[in-house]
Number of protein chains: 2
Amino acid sequence: MPPGPGAPSDTPQPPAPHDPVDDVLVALADPTRRAVLDAVAGGPGSATAIAAGLPVSRQAVVKHLAVLERAGLVVATRTGREVRYEVRPEPLTTTARRLTALAATWDARLATIKRIAEQRD
Amino acid sequence: MPPGPGAPSDTPQPPAPHDPVDDVLVALADPTRRAVLDAVAGGPGSATAIAAGLPVSRQAVVKHLAVLERAGLVVATRTGREVRYEVRPEPLTTTARRLTALAATWDARLATIKRIAEQRD
DNA sequence: ATCGAGTGCAACTCTGAAGTTGCACGTCCA
DNA sequence: TGGACGTGCAACTTCAGAGTTGCACTCGAT
């Protein structure tokens with residue numbers, strides 16, 4: 001059924017303010033990126049240093065660090081010619097909370113459905 | 001520094017038993033897939049019914065549901081010619097717990113580093 | 001002033017995921 | 001039993017992102 005002109009308030013689709021949690025999920029989805037993140041968590045360091053311990057090039061690590069920074073999982077501080085990356089746990093906590101809340105919502109709905117089904121018997 | 005032959009136990013890299021949490025993260029990374037998941041959570045239904053409320057084809061929804069099922073986030077039960085998909089909250093809870101634990105590890109490490117830095121002054 | 005180390009930027013390749021279309025198969029119902 | 005509905009399978013297209021390479025730039029030290 002094509003959207004008829006008679007339904008103006010049909011899925012208004014607001015600008016979608018770009019949820020930061022989504023960035024975290026995307027950042028954590030890639031295995032190499034998780035390895036980079038682990039490396040940073042195991043001790044802050046430069047992109048070059050991190051790349052030395054991984055089977056990928058420095059540039060690949062730099063790109064991954066950019067994604068992680070966009071997600072707020074790492075922060076970069078420049079000292080001289082070096083850029084030191086450090087881990088930042090807050091986005092992880094926020095994401096975890098969101099997932100827990102979502103699971104709770106589902107649980108509630110499932111409980112309601114089950115209840116209705118039992119009542120119907 | 002390339003791995004010298006003198007370090008046989010250097011990153012032994014076991015078969016990597018394929019962490020189910022990784023599947024959850026991958027499943028949640030895609031926006032369309034999140035929409036599909038939301039639709040299933042908002043009331044179980046068939047792939048065709050779910051696709052009707054989304055701007056993608058049924059086949060796309062089917063593929064997304066397969067990924068979600070691999071992650072354990074939905075379960076499919078066949079009744080006659082219909083396949084009913086239902087949401088399953090447990091993997092979400094598990095994933096959330098893991099993220100929280102990881103954040104705690106980072107916090108501990110950061111606290112230690114800060115402590116040492118203060119002690120050094 | 002110069003050289004090495006570290007970073008930043010840009011162009012390029014390439015694989016896999018997302019999505020589509022088309023058709024065949026099974027199931028419910030008149 | 002025939003048709004409508006729902007699903008399953010397969011081939012195909014498209015595109016973002018993961019990765020590489022090469023080079024220019026900056027900072028620190030000699």
Side-chain angles (χ1 to χ4, degrees), chain A residues 1-2 11 13 16 18-20 22-40 43-86, chain B residues 1-2 13 16 18-20 22-40 43-71 73-86:
Chain A
M1 48 171 182
T11 53
Q13 202 90 349
H18 195 252
D19 194 328
D22 295 356
D23 289 333
V24 175
L25 292 173
V26 170
L28 294 178
D30 185 78
T32 306
R33 200 145 48 219
R34 284 195 294 268
V36 171
L37 193 55
D38 274 348
V40 180
S46 66
T48 306
I50 293 168
L54 293 176
V56 291
S57 72
R58 172 185 65 92
Q59 283 303 326
V61 171
V62 168
K63 291 185 184 179
H64 284 306
L65 286 170
V67 175
L68 292 171
E69 194 175 14
R70 262 189 92 245
L73 289 167
V74 301
V75 286
T77 49
R78 164 158 232 145
T79 64
R81 65 182 167 190
E82 268 211 10
V83 180
R84 190 171 203 75
Y85 289 91
E86 198 176 1
Chain B
M1 49 170 180
Q13 202 89 348
H18 195 255
D19 194 328
D22 295 356
D23 289 333
V24 175
L25 292 174
V26 170
L28 294 180
D30 185 77
T32 306
R33 199 144 49 217
R34 284 195 295 267
V36 171
L37 193 53
D38 273 349
V40 180
S46 67
T48 305
I50 293 169
L54 293 175
V56 291
S57 71
R58 172 185 65 94
Q59 282 304 325
V61 172
V62 169
K63 291 185 186 180
H64 284 306
L65 285 170
V67 176
L68 293 171
E69 194 175 13
R70 262 189 91 245
L73 290 167
V74 300
V75 286
T77 48
R78 164 158 233 145
T79 63
R81 65 183 168 188
E82 268 210 11
V83 179
R84 189 171 203 74
Y85 289 91
E86 199 175 2

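Just so it is clear, the structure is predicted and the values come from calculations on it, not from any experiment.
- B/R78 places no side-chain N or O within donor-acceptor distance of the main-chain N or O of B/R84, the cut-off being under 3.5 Å.
- The distance between atom CD of B/Q59 and atom P of C/dG22, rounded to the nearest whole Å, is 13 Å.
- With rounding to the nearest 0.5 angstrom, the CZ atom of A/R33 is 11.5 Å from the CG atom of B/L25.
- In this structure, of C/dG6, D/dT20, C/dG19, it is C/dG6 that holds the atom nearest to the side chain of A/S46.
- Side-chain contact check for B/L68 versus B/L37: some heavy-atom pair is nearer than 4.5 Å.
- Protein atom CG of A/L54 is 11 Å distant from nucleotide atom P of D/dT20, rounded to whole Å.
- Minimum atom distance to the side chain of B/V56 is reached by C/dT20, of the listed C/dG8, C/dT20, C/dA18.
- The side chain of B/T32 lies closest to C/dG19, out of D/dG8, D/dG22, C/dG19.
- Contact check of residues 74-82 of chain B against DNA chain D (heavy atom, cut-off under 4.0 Å) returns B/R78, B/R81.
- Interface residues of residues 61-73 of chain A facing DNA chain D, ordered by number: A/K63, A/H64; criterion, heavy-atom separation under 4.0 Å.
- Taking every heavy atom of both residues into account, A/Y85 and A/V40 meet most closely at O-CG1, 3.6 Å.
- Looking at B/R58, its side chain comes within 3.5 Å of the base of D/dG8 through a donor and an acceptor atom.
- In this structure, CD1 on A/I50 lies 11.0 Å from CG on A/D38, to the nearest 0.5 angstrom.
- Counting heavy atoms from C-beta on, the side chains of B/D23 and B/H18 come closer than 4.5 Å.
- Atom CG of A/D30 and atom P of C/dA17 are 11 Å apart (whole Å).
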